[in-house]
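Order of the sequence lines fixes the chain letters, A, B, ..., with proteins taken first and strands second; residue numbering starts at 1 for each chain. Remember, it's a predicted structure, so these values are computed and weren't measured experimentally.
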2 protein chains.
Amino acid sequence: MSNIRRVAELAGVSVATVSRTLKNPEVVAPATRERVQAAVTAANYRPNGMAVQFRSRRTGNLVVLVPLIANSFFARVIAGIQQAAQAAGYRVLLCDTAGDEAREREYAELVYARQADGVIQLRAFDPFAGDPDAPPVVNACEVLAEHTWPKVRLDNRAAARSLTEHLLALGHRRIALIKGPEDSPLTLERLAGYQEALTRAGIPPDPDLLHPGDFTLAAGAAATKTLLALPERPTALFCCSDEMAIGALQSLRGAGLRVPEDLSLAGFDDIAFAAYSDPPLTTIAQPAEAFGQRAVALLLEILSGAAPTTREVVLPFELVVRGSTGVCRGR
Amino acid sequence: MSNIRRVAELAGVSVATVSRTLKNPEVVAPATRERVQAAVTAANYRPNGMAVQFRSRRTGNLVVLVPLIANSFFARVIAGIQQAAQAAGYRVLLCDTAGDEAREREYAELVYARQADGVIQLRAFDPFAGDPDAPPVVNACEVLAEHTWPKVRLDNRAAARSLTEHLLALGHRRIALIKGPEDSPLTLERLAGYQEALTRAGIPPDPDLLHPGDFTLAAGAAATKTLLALPERPTALFCCSDEMAIGALQSLRGAGLRVPEDLSLAGFDDIAFAAYSDPPLTTIAQPAEAFGQRAVALLLEILSGAAPTTREVVLPFELVVRGSTGVCRGR
DNA sequence: TTGAAAGCGCTAACAG
DNA sequence: CTGTTAGCGCTTTCAA
């Protein structure tokens, strides 16, 4: 594979002229330009990306830290990131952190090593904690409220409130909540929204109706079994992810309960499968791809050196009512 | 951020010695080594990755071309790739090709630009077609049979045959097949396995029972509607992906048909949702993560310059029988 | 065991 | 408009 010098020789010009022809063709005389272009073709020349990066001090890479790539929701976020990054000429270095902070730090190191220009963190964790010269980071999806990072988030509290109000409006009074992991900001925000709605409706909180989960199918199924064993069964079940709701559905069937006749069920995320369960799932739709796109936009803004115009983007959610929730007939 | 020169000054040695201390500590005198290490810490020095790559002509990056990141099956393959690459000190540049050949070529270009050392292609397409000095590629999942690339694949034909035989053993004679895209090798192989099983059972092929799809929920639902409208309805439905099978389930419910009493249903892939549908899905389990891991292993082998020991890895499948298939009671 | 020196391939002043 | 020149930060001979 040939280098710029060979092209220069072939075209009978200096390497500087070749470089210019490639980057700023307009400053090169048409005749010269054509000669250089012909030489480029003849030599099958392609600039050495490593040298270009090295020289121009810009990698064109973005590191993305994802809790779990295989998750239906994050997969869509990643698709959005991917698309926006590509459109802007950036590449995406994907790291499935699997909740492992060491691995997360390892990838974050790439920025120190100048292998990437910035980071998109999809989890509420700061791998650069306490570092004075931490690189540019944008925090999306699960957000660290107290941090100064630019954020892209949903109003999870309002969303959870909205869904809970929907269940209340159907006459439900015993509404169970299958949460995310105990310490996750997502969990806390959604729990707050849920409790807010109940309080407004004058319903005292019942800790028995709260159950932690980890957003997976299995967690939803397991939590549901526990909740069904309560002396006074809930009449509605609000799961903090659609996957948990689909898991819940299995346990409900196992217990011989019909949805929504015996018990209403709702999820969160509106993944593709939500519309295909039996019955289709009432849920909160999140604009997953938009999370990715907006995060990239914010990061590129920072990288361009412009004063950051936005510190926080709050994306809209939508309550999607399908067949899994219905009027409370119980007790 | 400091560079190697500053560390050298701080430690009172040459830059060469600093470099050696970092790469080959054993060739440096212990006393010197310690002085250098102290200087590295003091200066908070981290080697400039771009310079290292440039100099050593190795990027440590692998490009992965994925048809669709959001797909439940590919998400698992990617997780496997990610994990194996990380363990070997490689990073993954992920490209969601969305079936767009131009985009695929664009990412493939990264290798020419020395921004990546090799490519893992998860689709049956050669972005380097006709190029004499094409970079190292490993082809996994959907494989281009006629190509010389090392491959990691499933025996799709045997898998489809095995599933079809399962249906035949249950007494089914009219078995419909919802395929993948018409020209995909995956489709052709699975179709061949399906037909082989029918032929062995002495059942003449019926083109009406074949329907193309694109592996999505929506495609499964749509194809099923068409198949149910046939004058003589099939008694079993074999979908080439679990997502299509779950989509099919919706149309079957819509038509008032019970599974498996009125019609047996089977999928392919064994995604997590397959065990949670109603009824749970009979399917072919693929070792998705292993596809990724083996592909990385093959690629690294090539990159290391060793003579390639393996040209093809065929991974095992497993027929998982769940509740969606049952004895044929129809007609 | 260490240092000096020569680049890797490219870009970007600065002259001309 | 084009060429000369000086590196970017690091690795790696080659001598000492």
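- Rounded to whole Å, atom C1' of D/dG9 lies 17 Å from atom CZ of B/R46.
- For the pair B/R153 and B/F291, the cation does not sit on the ring face, since its NZ or CZ is not both under 6.0 Å from the ring centre and inside 45° of the axis.
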Step by step, would you call A/V66 with A/T97 a side-chain contact (heavy atoms from CB on, under 4.5 Å)? CA-CA 6 Å; A/V66 198; A/T97 64; 5.9 Å; no

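- Residues satisfying the salt bridge (charged side-chain N to carboxylate O under 4.0 Å, His left out) criterion with B/E301, sequence neighbours excluded, are absent altogether.
- The side-chain ring of A/F54 is not stacked on the base of C/dC10, judged by centre separation under 5.5 angstrom and plane angle under 30 degrees.
- Remark: A/S19 is not in phosphate contact with C/dC10, judged by side-chain N or O atoms under 4.0 Å from OP1 or OP2.
- End-to-end axis angle of the helix from C/dT1-D/dA16 to C/dG16-D/dC1, using five pairs per end and rounding to 10°, comes to 40°.
- Every pair passing salt bridge (charged side-chain N to carboxylate O under 4.0 Å, His left out) that includes a residue from residues 69-80 of chain B is listed here, sequence neighbours excluded: B/R76-B/E289.
- Within the nucleic acid shown, B/V18 has no heavy atom closer than 4.0 Å to any nucleic acid atom.
- With sequence neighbours excluded, the residues forming a ring-ring contact (aromatic ring centres under 6.0 Å, His included) with B/F54 are A/F54, listed by chain and number.
- Summarising the geometry, the separation between NZ on A/K23 and P on C/dA13 is reported as 14 Å, rounded to the nearest angstrom.
- Partners of A/E109 according to the side chain to side chain donor-acceptor pair (under 3.5 Å) rule, which considers only residues two or more places apart in sequence or in another chain, are B/R46.
- For A/A16, the side-chain contact (heavy atoms from CB on, under 4.5 Å) partners at least two apart in sequence or on another chain are A/S14, A/R20.
- Spacing between atom CD of B/E26 and atom C1' of C/dT2 amounts to 15 Å, rounded to whole angstrom units.
- The side chain to side chain donor-acceptor pair (under 3.5 Å) check on B/D269 picks up B/Q286, with sequence neighbours excluded.
- Counting to the nearest Å, the P atom of D/dT11 and the CE atom of B/M50 are 14 Å from each other.
- Applying the side-chain contact (heavy atoms from CB on, under 4.5 Å) rule to A/A84 yields the partners A/Q293, A/V296; only residues at least two apart in sequence or on another chain are considered.
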Might you list the N or O atoms of the protein lying below 3.5 Å from N or O atoms in nucleotides 3-6 of chain D, with each pair's distance?
residue, atom, partner, partner atom, Å
D/dG3, OP2, A/S14, N, 3.1
D/dG3, OP2, A/S14, OG, 3.4
D/dG3, OP2, A/T17, OG1, 2.7
D/dG3, N7, A/R20, NH2, 2.8
D/dG3, O6, A/R20, NH1, 3.1

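- Between the CZ atom of A/R57 and the C1' atom of C/dG9 there is a distance of 15 Å, rounded to whole Å.
- Summarising the geometry, the separation between CZ on A/R5 and P on C/dG7 is reported as 9 Å, rounded to the nearest angstrom.
- For B/N48 and D/dT11, the CG to C1' distance is 13 Å, given to the nearest whole Å.
- Between the CZ atom of B/R114 and the C1' atom of C/dG9 there is a distance of 9 Å, rounded to whole Å.
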